[in-house]
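This report refers to the structure that appears directly beneath it.
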Amino acid sequence: MTVEGLVFWISFIFCLALTAGGIMVIFRFTKLKALPAFQHLQYFLILLYTFGFYSLWSESFIAFMPFAEQVKPFSKVLTVLGIPFIIFSAAQQMYWCKHVAVKGTHWVIIPSLAVIVSIVAAIQYYALEWTILTSLPNVYAVFGFVASTFCGTIFLTQKTNLLSTRDRLVLTAALFALATFYGFEYMTSTVNVMLQAISHFVFFLLNTFIAVYFVYTIKYEAAKGIEAPSTEAFIARFALTARESEIVREIYSGKTNQEIADTLFVTLQTIKDHTSRIYQKTDVKSRAQLIRLMRDFV
(Lines give C-alpha, C1' and ligand atoms only; values in the text may rest on other atoms or scores of the structure.)
Protein backbone atom coordinates (compact mmCIF):
# COMPACT_ATOMS: atom_id res chain seq x y z
CA MET A 1 0.00 0.00 0.00
CA THR A 2 1.31 3.45 -0.88
CA VAL A 3 1.77 6.25 1.66
CA GLU A 4 -1.15 8.07 0.06
CA GLY A 5 -3.40 5.03 0.48
CA LEU A 6 -2.28 4.49 4.09
CA VAL A 7 -3.04 8.11 5.05
CA PHE A 8 -6.37 7.89 3.26
CA TRP A 9 -7.55 4.81 5.16
CA ILE A 10 -6.21 5.97 8.53
CA SER A 11 -8.05 9.28 8.13
CA PHE A 12 -11.26 7.48 7.17
CA ILE A 13 -11.07 5.10 10.15
CA PHE A 14 -10.44 7.98 12.55
CA CYS A 15 -13.44 9.85 11.09
CA LEU A 16 -15.60 6.77 11.72
CA ALA A 17 -14.31 6.64 15.30
CA LEU A 18 -15.01 10.35 15.86
CA THR A 19 -18.52 9.92 14.50
CA ALA A 20 -19.27 6.94 16.74
CA GLY A 21 -17.84 8.69 19.78
CA GLY A 22 -19.65 11.97 19.08
CA ILE A 23 -23.02 10.28 18.61
CA MET A 24 -22.56 8.20 21.78
CA VAL A 25 -21.81 11.32 23.81
CA ILE A 26 -24.69 13.46 22.56
CA PHE A 27 -27.21 10.66 23.11
CA ARG A 28 -25.77 9.47 26.40
CA PHE A 29 -26.56 12.61 28.38
CA THR A 30 -30.35 12.23 28.35
CA LYS A 31 -30.73 14.52 31.34
CA LEU A 32 -29.92 17.42 29.01
CA LYS A 33 -32.52 16.57 26.36
CA ALA A 34 -35.03 19.11 27.69
CA LEU A 35 -32.50 21.89 27.07
CA PRO A 36 -33.14 23.51 23.65
CA ALA A 37 -29.43 24.25 23.15
CA PHE A 38 -28.60 20.57 23.57
CA GLN A 39 -31.26 19.48 21.09
CA HIS A 40 -29.94 21.86 18.43
CA LEU A 41 -26.44 20.56 19.13
CA GLN A 42 -27.66 17.01 18.46
CA TYR A 43 -29.25 18.01 15.16
CA PHE A 44 -26.15 19.97 14.18
CA LEU A 45 -23.77 17.08 14.73
CA ILE A 46 -25.95 14.44 13.05
CA LEU A 47 -26.48 16.59 9.96
CA LEU A 48 -22.79 17.42 9.87
CA TYR A 49 -21.74 13.77 10.03
CA THR A 50 -24.24 12.93 7.31
CA PHE A 51 -22.79 15.66 5.11
CA GLY A 52 -19.24 14.54 5.90
CA PHE A 53 -19.73 10.97 4.73
CA TYR A 54 -22.37 11.63 2.09
CA SER A 55 -20.51 14.39 0.26
CA LEU A 56 -16.92 14.78 1.41
CA TRP A 57 -15.86 11.17 1.85
CA SER A 58 -17.93 9.83 -1.05
CA GLU A 59 -16.22 12.27 -3.40
CA SER A 60 -12.80 11.32 -2.03
CA PHE A 61 -13.52 7.61 -2.39
CA ILE A 62 -14.53 8.10 -6.00
CA ALA A 63 -11.37 10.13 -6.67
CA PHE A 64 -9.34 7.37 -5.02
CA MET A 65 -10.66 4.73 -7.44
CA PRO A 66 -8.63 3.74 -10.52
CA PHE A 67 -11.61 4.56 -12.75
CA ALA A 68 -12.25 7.96 -11.14
CA GLU A 69 -12.63 9.81 -14.44
CA GLN A 70 -15.44 7.52 -15.59
CA VAL A 71 -17.55 8.11 -12.48
CA LYS A 72 -16.68 11.77 -11.96
CA PRO A 73 -20.19 12.98 -13.00
CA PHE A 74 -21.69 10.78 -10.26
CA SER A 75 -19.32 12.40 -7.78
CA LYS A 76 -20.63 15.84 -8.71
CA VAL A 77 -24.20 14.66 -8.15
CA LEU A 78 -23.34 13.56 -4.60
CA THR A 79 -21.64 16.88 -3.99
CA VAL A 80 -24.76 18.80 -5.01
CA LEU A 81 -27.05 16.57 -2.92
CA GLY A 82 -24.94 17.30 0.13
CA ILE A 83 -25.73 21.02 0.10
CA PRO A 84 -28.99 20.77 2.16
CA PHE A 85 -27.15 18.88 4.92
CA ILE A 86 -24.49 21.57 5.37
CA ILE A 87 -27.11 24.35 5.18
CA PHE A 88 -29.34 22.85 7.88
CA SER A 89 -26.32 21.86 9.94
CA ALA A 90 -25.09 25.47 9.91
CA ALA A 91 -28.56 26.68 10.93
CA GLN A 92 -28.70 24.25 13.86
CA GLN A 93 -25.22 25.30 14.94
CA MET A 94 -26.32 28.94 15.10
CA TYR A 95 -29.53 28.05 16.94
CA TRP A 96 -27.47 26.07 19.46
CA CYS A 97 -25.26 29.05 20.08
CA LYS A 98 -28.23 31.43 20.35
CA HIS A 99 -29.82 29.29 23.07
CA VAL A 100 -26.56 29.07 25.03
CA ALA A 101 -26.24 32.87 25.27
CA VAL A 102 -28.01 34.67 28.09
CA LYS A 103 -31.54 35.68 27.16
CA GLY A 104 -31.83 39.35 26.26
CA THR A 105 -28.32 39.68 24.85
CA HIS A 106 -29.10 38.74 21.23
CA TRP A 107 -28.77 42.29 19.94
CA VAL A 108 -25.37 41.30 18.57
CA ILE A 109 -26.80 38.67 16.21
CA ILE A 110 -27.77 40.87 13.25
CA PRO A 111 -24.59 43.01 13.29
CA SER A 112 -22.48 39.85 13.58
CA LEU A 113 -24.14 38.22 10.60
CA ALA A 114 -23.82 41.42 8.59
CA VAL A 115 -20.08 41.63 9.28
CA ILE A 116 -19.54 37.93 8.50
CA VAL A 117 -21.45 38.07 5.22
CA SER A 118 -19.48 41.18 4.25
CA ILE A 119 -16.20 39.36 4.89
CA VAL A 120 -17.33 36.40 2.79
CA ALA A 121 -18.43 38.70 -0.04
CA ALA A 122 -15.10 40.55 0.05
CA ILE A 123 -13.13 37.30 -0.06
CA GLN A 124 -15.22 36.08 -2.96
CA TYR A 125 -14.88 39.27 -4.96
CA TYR A 126 -11.28 40.28 -4.34
CA ALA A 127 -9.45 37.01 -3.72
CA LEU A 128 -11.16 33.88 -4.93
CA GLU A 129 -13.24 35.06 -7.89
CA TRP A 130 -15.51 32.02 -7.72
CA THR A 131 -19.22 31.60 -8.18
CA ILE A 132 -21.64 29.25 -6.48
CA LEU A 133 -22.49 27.49 -9.72
CA THR A 134 -18.89 26.74 -10.66
CA SER A 135 -17.30 25.81 -7.33
CA LEU A 136 -19.52 23.81 -4.96
CA PRO A 137 -16.86 23.26 -2.24
CA ASN A 138 -16.95 27.02 -1.77
CA VAL A 139 -20.66 26.75 -1.00
CA TYR A 140 -19.80 24.40 1.85
CA ALA A 141 -17.12 26.81 2.99
CA VAL A 142 -19.47 29.79 3.04
CA PHE A 143 -22.11 28.15 5.23
CA GLY A 144 -19.53 26.60 7.56
CA PHE A 145 -17.54 29.83 7.79
CA VAL A 146 -20.60 31.98 8.49
CA ALA A 147 -22.00 29.62 11.13
CA SER A 148 -18.69 29.06 12.92
CA THR A 149 -17.70 32.73 12.91
CA PHE A 150 -21.16 33.73 14.10
CA CYS A 151 -21.03 31.24 16.99
CA GLY A 152 -17.49 32.25 17.87
CA THR A 153 -18.58 35.90 18.00
CA ILE A 154 -21.55 35.07 20.23
CA PHE A 155 -19.44 33.04 22.65
CA LEU A 156 -16.78 35.77 22.73
CA THR A 157 -19.15 38.68 23.36
CA GLN A 158 -22.12 37.20 25.22
CA LYS A 159 -22.42 35.85 28.74
CA THR A 160 -23.92 32.46 29.55
CA ASN A 161 -24.93 30.69 32.74
CA LEU A 162 -24.24 27.30 31.21
CA LEU A 163 -20.45 27.59 30.89
CA SER A 164 -17.58 28.95 32.93
CA THR A 165 -15.58 31.81 31.42
CA ARG A 166 -12.69 29.46 30.70
CA ASP A 167 -14.87 26.89 28.93
CA ARG A 168 -16.63 29.60 26.96
CA LEU A 169 -13.27 30.91 25.74
CA VAL A 170 -12.09 27.41 24.80
CA LEU A 171 -15.21 26.96 22.67
CA THR A 172 -14.66 30.41 21.20
CA ALA A 173 -11.14 29.45 20.13
CA ALA A 174 -12.35 26.14 18.69
CA LEU A 175 -15.12 27.84 16.70
CA PHE A 176 -12.77 30.44 15.25
CA ALA A 177 -10.30 27.66 14.42
CA LEU A 178 -13.11 25.87 12.58
CA ALA A 179 -14.01 29.07 10.73
CA THR A 180 -10.36 29.52 9.74
CA PHE A 181 -10.28 25.94 8.53
CA TYR A 182 -13.34 26.54 6.34
CA GLY A 183 -11.86 29.74 5.02
CA PHE A 184 -8.43 28.43 4.03
CA GLU A 185 -9.07 24.76 3.38
CA TYR A 186 -12.37 24.37 1.57
CA MET A 187 -12.30 27.71 -0.20
CA THR A 188 -8.99 26.60 -1.71
CA SER A 189 -9.91 22.92 -2.00
CA THR A 190 -7.22 20.56 -3.24
CA VAL A 191 -7.48 17.74 -5.75
CA ASN A 192 -4.79 15.72 -3.94
CA VAL A 193 -6.56 12.69 -2.43
CA MET A 194 -4.20 12.39 0.56
CA LEU A 195 -4.56 16.05 1.51
CA GLN A 196 -8.33 15.75 1.10
CA ALA A 197 -8.37 12.82 3.53
CA ILE A 198 -6.36 14.79 6.11
CA SER A 199 -8.67 17.76 5.59
CA HIS A 200 -11.73 15.58 6.22
CA PHE A 201 -10.18 14.30 9.44
CA VAL A 202 -9.59 17.85 10.70
CA PHE A 203 -13.19 18.71 9.75
CA PHE A 204 -14.58 15.80 11.82
CA LEU A 205 -12.14 16.41 14.68
CA LEU A 206 -12.94 20.10 15.20
CA ASN A 207 -16.71 19.68 15.01
CA THR A 208 -16.71 16.65 17.31
CA PHE A 209 -14.48 18.43 19.82
CA ILE A 210 -16.85 21.42 19.98
CA ALA A 211 -19.89 19.24 20.64
CA VAL A 212 -18.23 16.88 23.12
CA TYR A 213 -16.48 19.67 25.02
CA PHE A 214 -19.78 21.53 25.44
CA VAL A 215 -21.56 18.43 26.75
CA TYR A 216 -18.84 17.61 29.28
CA THR A 217 -18.33 21.16 30.56
CA ILE A 218 -21.91 22.43 30.74
CA LYS A 219 -23.06 23.37 34.23
CA TYR A 220 -25.87 20.92 34.92
CA GLU A 221 -27.27 22.93 37.80
CA ALA A 222 -27.55 25.99 35.59
CA ALA A 223 -29.20 23.87 32.91
CA LYS A 224 -31.78 22.72 35.42
CA GLY A 225 -32.33 26.34 36.42
CA ILE A 226 -33.44 27.16 32.89
CA GLU A 227 -36.38 24.82 33.21
CA ALA A 228 -37.84 26.39 36.34
CA PRO A 229 -38.90 29.84 35.04
CA SER A 230 -40.42 28.39 31.88
CA THR A 231 -42.30 25.73 33.84
CA GLU A 232 -43.64 28.22 36.38
CA ALA A 233 -44.81 30.59 33.65
CA PHE A 234 -46.49 27.70 31.87
CA ILE A 235 -48.23 26.55 35.06
CA ALA A 236 -49.53 30.04 35.80
CA ARG A 237 -50.73 30.57 32.23
CA PHE A 238 -52.90 27.43 32.18
CA ALA A 239 -53.88 27.42 35.88
CA LEU A 240 -52.64 23.91 36.58
CA THR A 241 -53.25 22.28 39.96
CA ALA A 242 -50.41 21.34 42.31
CA ARG A 243 -50.46 17.71 41.18
CA GLU A 244 -50.70 18.68 37.51
CA SER A 245 -47.75 21.03 38.03
CA GLU A 246 -45.65 18.19 39.40
CA ILE A 247 -46.53 15.99 36.44
CA VAL A 248 -45.79 18.78 33.94
CA ARG A 249 -42.33 19.25 35.42
CA GLU A 250 -41.65 15.53 35.19
CA ILE A 251 -42.87 15.41 31.58
CA TYR A 252 -40.64 18.35 30.71
CA SER A 253 -37.66 16.54 32.24
CA GLY A 254 -38.26 13.65 29.82
CA LYS A 255 -39.70 10.98 32.13
CA THR A 256 -42.22 8.40 30.94
CA ASN A 257 -45.64 7.97 32.56
CA GLN A 258 -44.41 4.90 34.46
CA GLU A 259 -41.35 6.76 35.72
CA ILE A 260 -43.55 9.66 36.86
CA ALA A 261 -45.88 7.24 38.64
CA ASP A 262 -42.94 5.66 40.46
CA THR A 263 -41.55 9.07 41.42
CA LEU A 264 -44.87 10.38 42.78
CA PHE A 265 -45.92 7.02 44.31
CA VAL A 266 -49.21 6.82 42.45
CA THR A 267 -50.65 4.40 39.90
CA LEU A 268 -49.97 4.60 36.19
CA GLN A 269 -53.67 5.20 35.51
CA THR A 270 -53.63 8.22 37.86
CA ILE A 271 -50.81 9.76 35.84
CA LYS A 272 -52.68 9.07 32.60
CA ASP A 273 -55.82 10.75 33.98
CA HIS A 274 -53.89 13.84 35.09
CA THR A 275 -52.04 13.98 31.78
CA SER A 276 -55.32 13.83 29.88
CA ARG A 277 -56.66 16.82 31.87
CA ILE A 278 -53.41 18.70 31.22
CA TYR A 279 -53.86 18.09 27.49
CA GLN A 280 -57.40 19.46 27.67
CA LYS A 281 -56.34 22.59 29.54
CA THR A 282 -53.45 23.33 27.18
CA ASP A 283 -55.31 22.25 24.02
CA VAL A 284 -52.67 19.77 22.88
CA LYS A 285 -53.00 16.16 21.78
CA SER A 286 -49.64 14.61 22.62
CA ARG A 287 -46.65 14.78 24.92
CA ALA A 288 -44.48 16.15 22.10
CA GLN A 289 -46.93 19.02 21.46
CA LEU A 290 -47.02 19.75 25.19
CA ILE A 291 -43.23 20.00 25.43
CA ARG A 292 -43.07 22.24 22.35
CA LEU A 293 -45.71 24.50 23.90
CA MET A 294 -43.74 24.71 27.14
CA ARG A 295 -40.61 25.75 25.28
CA ASP A 296 -42.45 28.84 24.06
CA PHE A 297 -42.31 30.08 27.64
CA VAL A 298 -38.48 29.92 27.82
Side-chain angles (χ1 to χ4, degrees), residues 1-28 41-42 44-87 89-90 93 127-128 130 134-145 147-148 170-171 173-216:
M1 181 181 291
T2 64
V3 174
E4 183 181 70
L6 183 63
V7 172
F8 181 90
W9 285 109
I10 290 175
S11 297
F12 180 70
I13 291 170
F14 272 106
C15 286
L16 285 175
L18 287 168
T19 300
I23 290 177
M24 287 177 62
V25 167
I26 63 174
F27 281 101
R28 177 185 174 188
L41 184 67
Q42 287 180 315
F44 154 67
L45 207 57
I46 292 172
L47 288 166
L48 195 83
Y49 286 149
T50 304
F51 162 76
F53 286 107
Y54 190 77
S55 290
L56 300 183
W57 272 111
S58 64
E59 185 176 10
S60 293
F61 265 105
I62 291 174
F64 193 63
M65 294 177 180
F67 47 89
E69 287 300 321
Q70 288 81 355
V71 292
K72 194 172 183 179
F74 179 69
S75 170
K76 294 301 179 183
V77 171
L78 291 176
T79 304
V80 173
L81 293 178
I83 292 178
F85 292 107
I86 193 66
I87 292 175
S89 174
Q93 185 183 12
L128 299 177
W130 53 263
T134 59
S135 187
L136 286 172
N138 297 328
V139 178
Y140 304 153
V142 167
F143 285 105
F145 178 82
S148 299
V170 170
L171 283 172
L175 286 162
F176 280 128
L178 183 59
T180 303
F181 170 78
Y182 277 117
F184 289 97
E185 184 64 24
Y186 281 105
M187 283 187 178
T188 56
S189 57
T190 177
V191 294
N192 184 289
V193 175
M194 185 175 70
L195 293 179
Q196 277 189 351
I198 296 173
S199 171
H200 299 343
F201 169 69
V202 175
F203 171 83
F204 276 78
L205 178 64
L206 287 173
N207 282 289
T208 303
F209 171 80
I210 289 169
V212 172
Y213 190 88
F214 174 79
V215 170
Y216 276 105

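In this text, all values refer to a predicted model and were calculated from it rather than measured experimentally. Throughout, numbering of the chain's residues begins at 1 and tracks the sequence.
- Phe12 has its side chain within reach of Trp9: a pair of non-hydrogen atoms, C-beta onward, lies under 4.5 Å apart.
- Aromatic pair Phe53/Phe204: ring centres closer than 6.0 Å.
- The CD1 atom of Ile198 sits 12.0 Å away from atom CZ of Phe8, with the distance rounded to the nearest 0.5 Å.
- Closest of all the heavy-atom pairs between Gln93 and Ala147 is OE1-CB, 3.2 Å.
- Between Phe203 and Tyr182, the ring-plane angle classifies as perpendicular under the 30° and 60° cut-offs.
- Closest heavy-atom contact between Ile210 and Ala174: CG1-CB, 3.8 Å.
- Distance CG/Leu175 to CZ/Phe209: 10.0 Å, rounded to 0.5 Å.
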Exercise. Does the pair Tyr216 and Val25 meet the rule for a side chain to side chain contact (heavy atoms under 4.5 Å, CB included), with working shown?
Worked result: CA-CA 9 Å; Tyr216 276 105; Val25 167; 3.9 Å; yes
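- Rounding to the nearest 0.5 Å places CD1 of Ile26 at 6.5 Å from CG of Leu41.
- For Ser89, the side-chain contact (heavy atoms from CB on, under 4.5 Å) partners are Phe44, Leu47, Leu48, not counting sequence neighbours.
- Of the inter-residue distances, the one linking Ser11 atom OG with His200 atom NE2 reads 9.0 Å to the nearest 0.5 angstrom.
- For the pair Val7 and Ala197, the tightest heavy-atom approach, listed with the atom from each and the gap, is O-CB, 4.4 Å.
- Here the CG-CZ distance, from Leu206 to Phe201, works out to 9.0 Å after rounding to the nearest 0.5 Å.
- Atom CG in Leu16 sits 11.0 Å away from atom OH in Tyr49 (nearest 0.5 Å).
- Of all the heavy atoms in Gly22 and Val212, the pair that sits closest is CA-CG2, 4.4 Å.
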